[in-house]
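I have placed the structure first, in the form of structure tokens, so that the comments after it can refer back to it.
Chain identifiers are assigned alphabetically (A, B, ...) following the order of the sequence lines, protein sequences preceding nucleic acid strands; residue numbering begins at 1 within each chain. Scope of the values below: all heavy atoms of this structure, side chains included, with no hydrogens, waters or symmetry mates.
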There are 2 protein chains.
Amino acid sequence: MTRTHVFVTDGEPIRSNWREAFPQAQLGHAGATSCEAIIVWVLLPYTGDITPLIRQWQRMACDAPVVALSDEPRDEEGMVALRAGVSGYCNGYASPAVLQQVAETVLQGGVWLGQSLLQKLVATTAQNLPKPAVASSDWALSLTEREVMVARAVASGASNKEIADQLNITERTVKAHLTAAFEKLKVRDRLQLTLLVNGITELKAPS
Amino acid sequence: MTRTHVFVTDGEPIRSNWREAFPQAQLGHAGATSCEAIIVWVLLPYTGDITPLIRQWQRMACDAPVVALSDEPRDEEGMVALRAGVSGYCNGYASPAVLQQVAETVLQGGVWLGQSLLQKLVATTAQNLPKPAVASSDWALSLTEREVMVARAVASGASNKEIADQLNITERTVKAHLTAAFEKLKVRDRLQLTLLVNGITELKAPS
DNA sequence: AAAACCATTGTACTGAAGTACAACCCGGGA
DNA sequence: TCCCGGGTTGTACTTCAGTACAATGGTTTT
């Protein structure tokens with residue numbers, strides 16, 4: 001079998017736009033144990049977990065790049081596909097030109113994404129990455145050692161009683177530390193404290 | 001002025017690899033007020049905030065795609081550039097072939113990134129946000145539309161009263177939705193719901 | 001039409017969270 | 001020595017969250 005483009009579908013034949021982009025395109029067989037492909041194009045099914053599907057074809061294709069095709073591209077689905085390790089995520093009805101474009105990018109070691117998905121990736125990462133790194137010590141700065149311990153426990157979902165047992169102190173003392181932390185961090189309750197500690201929200205007034 | 005590739009540098013002339021990739025390439029003038037370009041390639045300065053620079057050329061080029069070129073590509077710099085809205089981020093000394101590759105991708109509405117940067121994006125996002133972005137449908141799957149709305153509000157730190165006002169319903173109704181959500185998601189209170197919605201913890205038993 | 005699900009709301013209750021106003025102990029610095 | 005800050009705890013109180021036990025009306029499915 002020559003190394004060529006392999007399209008994996010759920011029974012569907014090769015579409016005309018795929019064929020047009022890659023005349024030698026072949027259909028992947030679900031039952032196959034190995035696959036010699038330049039690129040594996042996986043048409044995502046509408047339902048079910050796509051991660052195993054992608055992983056499976058990655059293995060079978062000996063780590064050849066896998067591109068996910070979706071007839072209803074959604075950012076969420078794209079995220080899942082990326083986590084599974086695809087090298088690209090694009091519309092199943094993309095034009096032959098775009099498909100060839102994707103192929104070139106992927107073969108050069110790049111990753112092909114739509115604008116929307118990428119922006120979401122960047123936005124969310126940009127929001128969540130800096131906090132743990134930068135601001136993680138931020139909220140803790142104005143707190144005492146004990147207050148930080150209690151705050152961390154709260155932020156993991158523990159109740160006052162549980163924290164008390166964990167730290168071998170009274171529930172009353174836990175409340176005392178919490179009240180102090182609330183005041184210092186300008187939050188009103190344990191939930192907002194949790195958001196702060198977990199980097200979901202920002203500090204109001206930098207102490 | 002014909003629409004062509006415009007390279008923006010800090011006084012540096014057009015490099016040979018740029019010229020080779022795009023023979024009609026032109027230098028962008030910092031003082032210009034507008035610019036008719038297919039793609040604007042901005043060579044990032046070593047120091048200073050690159051965001052205004054990128055934004056400026058996006059405006060001047062009437063939202064033509066902007067690609068950032070960096071002689072010392074770093075993931076952090078790439079992140080900043082992406083947040084600023086660039087459609088690509090690659091090495092300033094990239095080969096003409098790669099540059100053309102980038103151009104094609106960008107012109108088709110794609111985004112061009114190096115493997116490293118993209119992987120970091122995905123990795124960090126997958127760690128920090130897999131829940132909000134990916135599993136967002138996860139926890140939300142078993143909930144009704146209304147329950148999801150309330151859950152999201154709770155997860156942002158709102159009180160029952162605030163949510164009630166926000167949704168124009170009674171506090172009692174908010175409690176009803178919450179109770180249902182707790183039951184379905186196997187959590188005991190709003191704080192653990194928050195952790196789930198914000199992707200800090202995992203779903204216990206997929207319903 | 002009956003069943004099932006959803007959204008909505010009510011009253012009343014329990015319990016946890018959070019605050020007010022304290023007190024005590026301990027170690028370090030003025 | 002006295003003061004101060006941190007850690008600890010107590011009692012009493014208010015407020016909010018959450019549950020129990022309901023009911024009503026609308027929509028969809030059977």
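Scanning for side chain to side chain donor-acceptor pair (under 3.5 Å) contacts around Asn160(B) gives Arg190(B), with sequence neighbours left out. Remark: Asp10(A) engages no residue in a side chain to side chain donor-acceptor pair (under 3.5 Å) (not counting sequence neighbours). Under the side chain to side chain contact (heavy atoms under 4.5 Å, CB included) criterion, Val148(A) pairs with Trp139(A), Ala140(A), Leu143(A), Arg152(A), not counting sequence neighbours. Glu12(B) meets the side chain to side chain donor-acceptor pair (under 3.5 Å) test with Arg15(B); sequence neighbours excluded. In this structure, Arg55(B) has no salt bridge (Lys or Arg N to Asp or Glu O under 4.0 Å) partners at least two apart in sequence or on a different chain. Residues meeting the ring-ring contact (aromatic ring centres under 6.0 Å, His included) test with Phe22(A), sequence neighbours left out: His5(A), Trp41(A). With sequence neighbours left out, the salt bridge (Lys or Arg N to Asp or Glu O under 4.0 Å) criterion links Glu20(A) to no other residue. Taking the salt bridge (Lys or Arg N to Asp or Glu O under 4.0 Å) definition, one finds that Glu77(B) meets it with nothing, sequence neighbours left out.
The side-chain heavy atoms of Val80(A) and Thr51(A), taken from C-beta on, include a pair separated by under 4.5 Å. Residues Leu178(A) and Leu193(A) are in side-chain contact: their nearest non-hydrogen atoms beyond the backbone lie under 4.5 Å apart.
With DNA chain C read from its 5' end, the first of the two nearest nucleotides for Glu171(B) and Ala158(A) is the one closest to Glu171(B).
The residues Glu147(A) and Lys175(A) are annotated as not salt-bridged, no charged nitrogen and carboxylate oxygen being separated by less than 4.0 angstrom.
Here CD1 of Ile163(A) is found 13.5 Å from CG of Asn168(A). Values are rounded to the nearest 0.5 Å. One finds the OH atom of Tyr93(A) at 8.5 Å from the CG atom of Asn17(A) (value rounded to the nearest 0.5 Å).
For the helix from dA1(C)-dT30(D) to dA30(C)-dT1(D), the end axes, each set by the C1' atoms of five terminal pairs, are bent relative to each other by 30° (nearest 10°).
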Where do N or O atoms of nucleotides 4-8 of chain D meet protein N or O atoms at under 3.5 Å, pair by pair?
residue	atom	partner	partner atom	Å
dG7(D)	OP1	Arg146(A)	N	3.3
dG7(D)	OP2	Thr144(A)	OG1	2.5
dT8(D)	OP1	Arg146(A)	NE	3.1
dT8(D)	OP1	Arg146(A)	NH2	2.8
dT8(D)	OP2	Arg146(A)	NE	2.9
dT8(D)	OP2	His177(A)	NE2	2.9

Pairs: protein N or O with nucleotides 21-23 of chain D N or O, under 3.5 Å:
residue	atom	partner	partner atom	Å
dC21(D)	N4	Arg172(B)	NH2	3.2

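Checking the phosphate oxygens (OP1, OP2) of dT19(D), a side-chain nitrogen or oxygen of Thr179(B) falls inside 4.0 Å. Using a 4.0 Å cut-off, no side-chain N or O of Asn160(B) falls inside it from OP1 or OP2 of dC16(D).
Counting 5' to 3', DNA chain C first comes under 4.0 angstrom of a heavy atom of chain B and last does so at the ends given by dC6(C) to dT11(C).
dC16(D) atom C1' lies 12 Å from atom CD of Glu162(B), rounded to whole Å. For the pair Lys175(A) NZ and dG10(D) P, the interatomic distance rounds to 12 Å; values are reported in whole Å.
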